[in-house]
Protein chains: 2
Amino acid sequence: MTTPTGDQALIKRINTAIVLEFILRGAPLSRAQISEQSGLNKATVSSLVQDLIDGHLVEEIGTGKSSGGRKPVMLEFIATSGYAIGIDLGVNYIRGVLTDLRGTIIAERTSSLRDPEPAAAFEQLCGCIEALVAEAPDSPFGVVGIGVGVPGLVDDSGSILFAPNLKWRDVPLQRWLTERFSLPVTIDNEANMGALGEQKYGAGRTINHLIYVSVGIGIGTGLILQKSLYKGASGFSGEMGHLSIEAHGKSCTCGNRGCWEMYASEQALLEQAAVLGFEDLEALLDAAAAEQPEVLELFASIGEYLGIGIANIVNMFNPDAVIIGNRMSQARPWLENIVRQTVVQRAIGFHLRNVQLLFAELGERSSMMGAAEMTISGFFSRVKAT
Amino acid sequence: MTTPTGDQALIKRINTAIVLEFILRGAPLSRAQISEQSGLNKATVSSLVQDLIDGHLVEEIGTGKSSGGRKPVMLEFIATSGYAIGIDLGVNYIRGVLTDLRGTIIAERTSSLRDPEPAAAFEQLCGCIEALVAEAPDSPFGVVGIGVGVPGLVDDSGSILFAPNLKWRDVPLQRWLTERFSLPVTIDNEANMGALGEQKYGAGRTINHLIYVSVGIGIGTGLILQKSLYKGASGFSGEMGHLSIEAHGKSCTCGNRGCWEMYASEQALLEQAAVLGFEDLEALLDAAAAEQPEVLELFASIGEYLGIGIANIVNMFNPDAVIIGNRMSQARPWLENIVRQTVVQRAIGFHLRNVQLLFAELGERSSMMGAAEMTISGFFSRVKAT
DNA sequence: TAACTTAGTTTATTGGATAGACAAACTAAG
DNA sequence: CTTAGTTTGTCTATCCAATAAACTAAGTTA
């Protein structure tokens with residue numbers, strides 16, 4: 001068979017998904033409410049809810065308030081019937097969470113990456129995952145999968161093609177992890193994961209079109225268009241760090257000139273700060289808090305360049321929001337105004353009308369939470385497919 | 001009712017759409033072939049085909065070859081059961097086509113825009129449309145709608161918010177045309193229409209992710225992501241002409257600096273060519289054909305800047321193809337090599353692996369054909385909804 | 001207590017897809 | 001020219017999900 005044709009099973013999947021979606025969002029909800037709000041018949045809802053209860057995804061949590069009739073039986077999603085693992089594999093750290101199916105953090109582990117060699121790093125990663133798996137309580141579905149965000153280009157088979165800062169090339173991480181843990185594994189770029197994390201659990205909740213700009217050593221972006229991650233033809237869109245904003249500017253290792261991340265990343269900041277005797281972002285943040293003028297000027301310069309790139313993004317994508325995340329979001333107090341000014345000055349008026357400039361709410365957890373979210377939504381789509 | 005729920009009618013719509021899609025693509029096709037290729041039961045196909053025949057969308061065109069059994073009855077889409085109108089409203093011309101439902105051109109009209117004032121231009125536009133309507137043969141569905149591509153920002157209600165080169169602001173063209181003709185009307189940006197035209201009838205057939213770069217007086221882009229037009233949150237994405245490629249370059253009327261279209265558009269070309277005594281693109285093309293060195297150099301400079309912007313596009317969107325269209329595509333012989341070189345030099349290697357650089361096949365007709373296509377697909381989605 | 005409300009289930013019906021039987025129309029071999 | 005085998009397309013009985021409407025359950029209000 002070549003095409004996914006429509007039959008009764010498809011209808012049932014669609015309607016089951018609708019019912020589950022209502023319960024996921026609407027928290028305690030009765031069958032009658034679902035019927036009314038969804039437009040599905042009461043009998044249909046009853047039947048589908050029964051299936052979900054049998055499938056350990058939903059439970060009855062007692063009766064609700066009556067307004068002059070029989071009390072409703074309230075339904076709730078069983079968030080603890082399965083657990084997800086989300087990992088943020090950084091250039092010099094490994095961060096991991098165990099969450100329930102609603103994304104609530106059950107356990108968290110952070111360690112610094114001891115040896116960036118692929119094999120050694122993989123072993124350390126496995127240790128982290130094993131420790132998290134061990135913390136998962138008994139549940140009907142157990143651990144439903146593993147998601148990993150990595151600082152590099154990932155193809156659609158989950159291989160890391162190139163991770164410059166880790167110096168990795170062609171590391172088939174998804175295959176390795178699948179073989180080791182026999183669980184569904186999703187690998188994606190750190191910025192894509194961060195975008196997902198912020199959209200689901202952070203500053204971008206309820207926003208349909210958002211661009212997440214991950215400003216760390218380099219700059220990466222995650223594009224969420226019509227509510228879902230856009231990955232391009234081969235799976236690696238969003239390399240906006242290598243958007244040239246100075247056609248004849250500084251040469252970049254990527255072969256291009258004037259790449260955005262050469263002017264607006266942590267790396268760019270640190271290079272300029274070295275002259276002033278600063279060695280890391282933390283020191284600069286302290287100095288900025290102490291209102292040291294040269295440092296404030298430095299942040300202003302970075303902020304202006306950030307704004308230049310973001311104005312480009314706004315013009316091109318016409319998003320609802322741009323979220324600045326990753327390490328540089330810590331400098332929000334010294335960046336926000338200048339970024340906002342630059343964007344307002346440079347972006348097209350019509351595009352500015354409805355766009356919001358936000359900073360990541362999850363901070364360092366964006367990417368890790370996005371990885372967990374990807375695992376959870378993968379689980380749901382598998383559940384819905386049956 | 002808030003959510004589109006699944007019921008039997010939905011199944012039928014889905015399956016009818018599948019059957020119709022097969023007939024549209026597969027040209028002469030029998031019921032048995034459709035059943036086999038689609039996975040739908042023979043009886044189901046028979047029933048749906050009968051509905052399509054009753055609905056004047058499909059007809060039997062005789063028997064096909066037998067391979068040792070009963071001869072199949074071949075089916076064909078009735079392209080002439082309805083007609084669509086596609087208009088390209090330019091800065092100084094109005095171009096229109098009447099096509100059948102397969103996009104075959106039945107009639108075509110071009111005139112130069114006499115008066116760019118909205119009211120006068122609207123009257124001239126109506127004249128063009130009336131003439132095309134008059135050319136439509138009798139058919140079950142008649143003229144199924146009107147599509148118009150315009151050089152400006154269009155909101156989701158079909159109002160032209162701003163068309164700088166026409167000096168239009170807040171012109172509710174869709175409302176005007178709907179009131180006048182009582183037909184479904186679609187208005188969109190000229191670049192979006194061009195992208196659609198090239199994807200359906202031109203260089204981009206069968207390509208899922210493509211970016212159409214319309215290089216005329218300014219530069220606009222149409223984004224086709226996962227086979228369909230991406231329009232952003234408010235309906236106006238793709239203003240890549242105002243992508244800043246020189247952060248501190250020339251000031252643009254849009255408020256930004258160093259906008260791409262200040263270096264790579266027809267306008268940019270003509271400004272530089274004025275010094276050499278050229279007044280329009282046609283004269284420059286002649287001079288280039290005569291291998292006049294200063295002109296060749298001029299095109300090389302434009303080509304390099306085009307390449308710089310396209311490299312940015314490739315890095316950001318990771319598309320399958322970039323198509324250069326509109327007036328500047330005529331300069332292909334003098335642009336193609338330098339554009340290609342620049343892109344190869346500046347875009348990230350991984351993104352280059354599968355990307356094609358193409359020129360519009362429909363030439364000046366891209367936008368107009370896209371407008372017709374949008375009308376046709378609107379008609380189909382209305383048919384499928386019943 | 002009676003009258004009314006609301007929640008959720010049961011029952012009969014509807015409509016679309018399907019498998020399998022079947023008739024029609026053909027090819028090819030003897 | 002017959003006969004066997006093949007392919008097409010239709011017909012029929014059945015299945016299944018959604019639905020309306022009737023019904024049961026369990027409350028509130030006057």
Side-chain angles (χ1 to χ4, degrees), chain A residues 1 3-20 22-23 26 28-54 58-76 384 386, chain B residues 1 3-20 22-23 26 28-54 58-75 384-386:
Chain A
M1 188 179 61
T3 338
T5 61
D7 60 353
Q8 312 241 65
L10 174 69
I11 294 192
K12 191 160 188 179
R13 279 207 301 280
I14 292 174
N15 289 340
T16 306
I18 291 175
V19 169
L20 184 54
F22 269 96
I23 298 177
L29 214 64
S30 70
R31 290 169 175 84
Q33 285 174 295
I34 297 173
S35 168
E36 187 158 352
Q37 293 174 27
S38 68
L40 287 166
N41 188 280
K42 287 196 295 176
T44 310
V45 172
S46 268
S47 155
L48 296 176
V49 163
Q50 193 53 52
D51 289 353
L52 288 171
I53 290 176
D54 293 345
V58 166
E59 65 185 342
E60 301 183 336
I61 55 161
T63 56
K65 288 256 165 76
S66 156
S67 62
R70 175 173 164 181
K71 286 184 178 169
V73 178
M74 305 314 275
L75 303 167
E76 178 70 282
K384 287 171 190 167
T386 37
Chain B
M1 189 177 62
T3 339
T5 60
D7 61 352
Q8 311 244 64
L10 175 69
I11 296 189
K12 190 162 189 180
R13 278 208 302 281
I14 292 174
N15 290 340
T16 306
I18 290 174
V19 170
L20 184 54
F22 269 95
I23 298 176
L29 215 64
S30 70
R31 292 170 174 83
Q33 285 174 296
I34 297 174
S35 167
E36 186 159 352
Q37 293 174 28
S38 68
L40 288 166
N41 187 281
K42 287 195 293 175
T44 309
V45 172
S46 268
S47 155
L48 297 175
V49 163
Q50 193 52 54
D51 289 352
L52 288 171
I53 290 176
D54 293 344
V58 165
E59 65 186 341
E60 300 182 338
I61 56 162
T63 55
K65 290 255 166 76
S66 156
S67 61
R70 174 173 165 181
K71 285 184 178 168
V73 178
M74 305 314 274
L75 303 167
K384 286 171 190 166
T386 38

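Labels below follow one simple rule: chain letters A, B, ... track the order of the sequence lines, proteins then strands, and each chain is numbered from 1.
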When you measure from the side-chain N and O atoms of N15(A) to the phosphate of dA17(D), is any distance below 4.0 Å, counting only OP1 and OP2? no
Helical stems, DNA chain C - three or more consecutive Watson-Crick or G-U wobble pairs below 3.5 Å: C:1-30 with D:1-30
dG8(C) P sits how many Å from D51(A) CG, rounded? 17 Å
Starting at OG1 of T63(A), measure out to CE of M74(A) and round the result to the nearest 0.5 Å. 9.0 Å
From CD1 of I34(A) over to P of dG8(C), roughly how many Å is that when rounded to an integer? 9 Å
T16(B) and R13(B), any side-chain heavy atoms less than 4.5 Å apart: no
With sequence neighbours left out, what residues match E59(A) under salt bridge (charged side-chain N to carboxylate O under 4.0 Å, His left out)? none
A43(A) and N41(A): which non-hydrogen atoms are nearest, and at how many Å? N-OD1, 2.7 Å
K65(B) side, atom NZ; S30(B) side, atom OG - distance, nearest 0.5 Å: 14.5 Å
Mind checking the CG-OG1 spacing from D7(A) to T44(B)? Nearest 0.5 Å is all I need. 10.0 Å
Quick check for you: among dG8(C), dA17(C), dT18(C), whose closest atom lies nearest to any side-chain atom of A43(B)? dT18(C)
When you check every protein heavy atom under 4.0 Å of nucleotides 23-30 of chain D, what one-letter string (B, S, -) results, 5' to 3'? --BBBS--
Nearest to the side chain of S46(B), which nucleotide is it out of dA17(C), dG9(D), dA7(C)? dG9(D)
How many whole angstroms separate atom CD1 of I11(A) from atom P of dC15(D)? 18 Å
Ignoring hydrogens and angles, answer whether the base of dA19(C) and the side-chain atoms of N41(B) contain a donor-acceptor pair closer than 3.5 Å. yes
Whole-Å gap separating C1' (dC11(D)) and CD (Q50(B)): 14 Å
Judged by each residue's nearest nucleotide on DNA chain D, which is more toward the 5′ side, S47(B) or Q8(B)? S47(B)
K42(B): which residues meet the side chain to side chain contact (heavy atoms under 4.5 Å, CB included) condition with it, sequence neighbours left out? S35(B)
Rounded interatomic separation in angstrom, taking CG from L48(A) and C1' from dT9(C): 14 Å
Report the distance from atom CG of D7(B) to atom P of dG16(C), rounded to the nearest whole Å. 9 Å
Donor-acceptor pairs are to be reported for all side-chain atoms of residues 47-54 of chain B against protein atoms at under 3.5 Å, with residues two or more places apart or in another chain.
| residue | atom | partner | partner atom | Å |
| --- | --- | --- | --- | --- |
| Q50(B) | NE2 | D54(B) | OD1 | 3.2 |
| D51(B) | OD2 | K12(B) | NZ | 3.0 |

Calculate the interatomic distance between E36(A) atom CD and dG8(C) atom P; express it in whole Å. 12 Å
Among the candidates dA17(C), dG9(D), dT19(D), find the nucleotide nearest to the side-chain atoms of V73(B). dG9(D)
The side chain to side chain donor-acceptor pair (under 3.5 Å) partners of Q8(A) (sequence neighbours excluded) come to none
Round to a whole Å and report the spacing from CG of L40(A) to P of dG8(C). 15 Å
